[in-house]
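Read through the structure below, which is laid out as structure tokens, and then see the notes.
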Amino acid sequence: MPELPEVETYRRYIEASSLGQTIEQFTCEDPRKLLLNDLDEINNRLNGAVFEATYRVGKHLFVRTNLDDWLYMHFGMTGDLGYFHRDEPPPRHARMIFYFTNGYRLGFICPRKFERVGLVADPAAFLAQKGVAPDVMEITPTVFFDHLRRKKSAIKTVLLDQSVVAGIGNWIADDVLFRAKIHPEIPASALEETEKMRIFEAMRYIVQTTIDVEANYLLLPDDFILHARGWGKPHLAGKCPCGKGEILMSRVGGRATYFCGLCQSKK
DNA sequence: TAACCTGTTCACGC
DNA sequence: GGCGTGAACAGGTT
């Protein structure tokens, strides 16, 4: 479920497995859907090149080669990576594969083909063109608060807007608002300064804590409302960490939204 | 079986 | 242009 912490974990996985490796081939089983560029063009640039560095903003990942090309990766809703030896079968749904000269391969796992790969000349320009805001862990309170002031949409919808802040996905938005004790449907522009600061701090805490456990949800503290969704800790399913409030599920901006009727009252 | 779903984009309508 | 809604993408899971 790639939100920022998963993509950061993938970035570290590429650093540990694939940096310094010479690429001899790249394959893609559905180039028209999955690639931003022509498959031949990507192969021309990558064959013989070496992965040298990585860079991530929000959910957007880039890998630089020794030829100064940047390979762009986006994981959509279900993307994943798997590094495997040529003697092993590739992971299921590894629809794109980087073949290295050391006999190992990096598979880009795309169960639903929502993932994207391409070559970009300049990551910063690419992100600017897409309107991607600064990363959650980089954005300043001033810039963040300024966006909130201008947005009349529900605060949850605004947190999911990658042009406001990059990297927050559906469950993280819920946990940020739970920790900040803000109702998800409050218009962003109606928030008080102290509430905005609570959101800012909660945002950094939730994201950093999730990165620290390499996005393994079972290792997250019990006071995350994510567990109420029933993802892996059965004894916490449907319960607010506060022990008293009722967990409510609604739809905000078309997305399933979990919150506590007691901790996050609308006032 | 049918309904559901993590991200993103786009097409509408107001 | 802002905002909300819904569809589309494709397959796994429940």
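To find a chain, count down the sequence lines: A is the first, B the second, and so on, and within it residues start at 1.
Look at A:E8 and A:R11 and you find a salt bridge, because one of the NZ, NE, NH1 or NH2 atoms lies within 4.0 Å of a carboxylate O, short of that distance. Comment: A:D175 does not engage A:R179 in a salt bridge, judged by the lack of any side-chain N to carboxylate O separation of less than 4.0 angstrom. Using a 4.0 Å cut-off between charged nitrogen and carboxylate oxygen, A:D30 and A:R95 do not count as a salt-bridge pair. Taking a cutoff of 4.0 Å between a charged side-chain nitrogen and a carboxylate oxygen, A:K196 and A:E193 qualify as a salt bridge.
Checking the phosphate oxygens (OP1, OP2) of C:dC9, no side-chain nitrogen or oxygen of A:K113 falls inside 4.0 Å. Put simply, A:H74 has a side-chain N or O that comes within less than 4.0 Å of OP1 or OP2 on B:dT8. One finds no side-chain N or O of A:Q162 lying less than 4.0 angstrom from the OP1 or OP2 phosphate oxygen of B:dG7. At least one side-chain nitrogen or oxygen of A:R92 sits closer than 4.0 Å to the OP1 or OP2 atom of C:dG12. Note on A:H93: a side-chain N or O is less than 4.0 Å away from OP1 or OP2 of C:dG12. For the OP1/OP2 pair of B:dT8 and a distance below 4.0 Å, the side-chain nitrogens and oxygens of A:K130 include no atom meeting the criterion. Between C:dG4 and A:S153, a contact under 4.0 Å exists linking OP1 or OP2 to a side-chain N or O. The side chain of A:R229 contributes no N or O atom lying less than 4.0 Å from OP1 or OP2 of B:dC4. Under 4.0 angstrom from either OP1 or OP2 of C:dG4 there lies no side-chain N or O belonging to A:K152.
Contact detail for A:G245 and A:C260: the closest heavy-atom pair is CA-SG, 3.7 Å.
The interatomic distance linking A:D161 (CG) with C:dC3 (C1') rounds to 11 Å, in whole Å. Nucleotide B:dG7 holds its C1' atom 8 Å from the CZ atom of A:F114, rounded to whole Å. Counting to the nearest Å, the P atom of B:dG7 and the CG atom of A:L160 are 7 Å from each other. Between the P atom of C:dA8 and the CE atom of A:M77 lies a distance of 14 Å, rounded to the nearest Å. The distance between atom CD1 of A:I155 and atom P of C:dG4, rounded to the nearest whole Å, is 12 Å. One atom, CD of A:E115, and another, P of C:dA8, lie 20 Å apart when rounded to the nearest Å. What separates CG of A:L61 from C1' of B:dT8 is a distance of 17 Å, to the nearest Å. If you take CD of A:E185 and C1' of C:dG4, they are 13 Å apart, rounded to a whole angstrom.
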Problem set entry | Evaluation steps, ring pair (Phe, Tyr, Trp, His ring centres under 6.0 Å), between A:F126 and A:W70 | CA-CA 11 Å; A:F126 176 80; A:W70 287 93; over 10 Å; no
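Ranking B:dG7, C:dG11, B:dC5 by closeness to the A:R95 side chain, first place goes to C:dG11.
Among the protein residues, A:G254 comes within range of no part of the nucleic acid, since none of its heavy atoms lies under 4.0 Å from any strand.
Stacking here means ring centres nearer than 5.5 Å and ring planes tilted less than 30 degrees, and by that measure A:F75 does not stack onto B:dG7.
Taking the C1' atoms as reference points, C:dC9 lies 22 Å from B:dT1, given to the whole Å.
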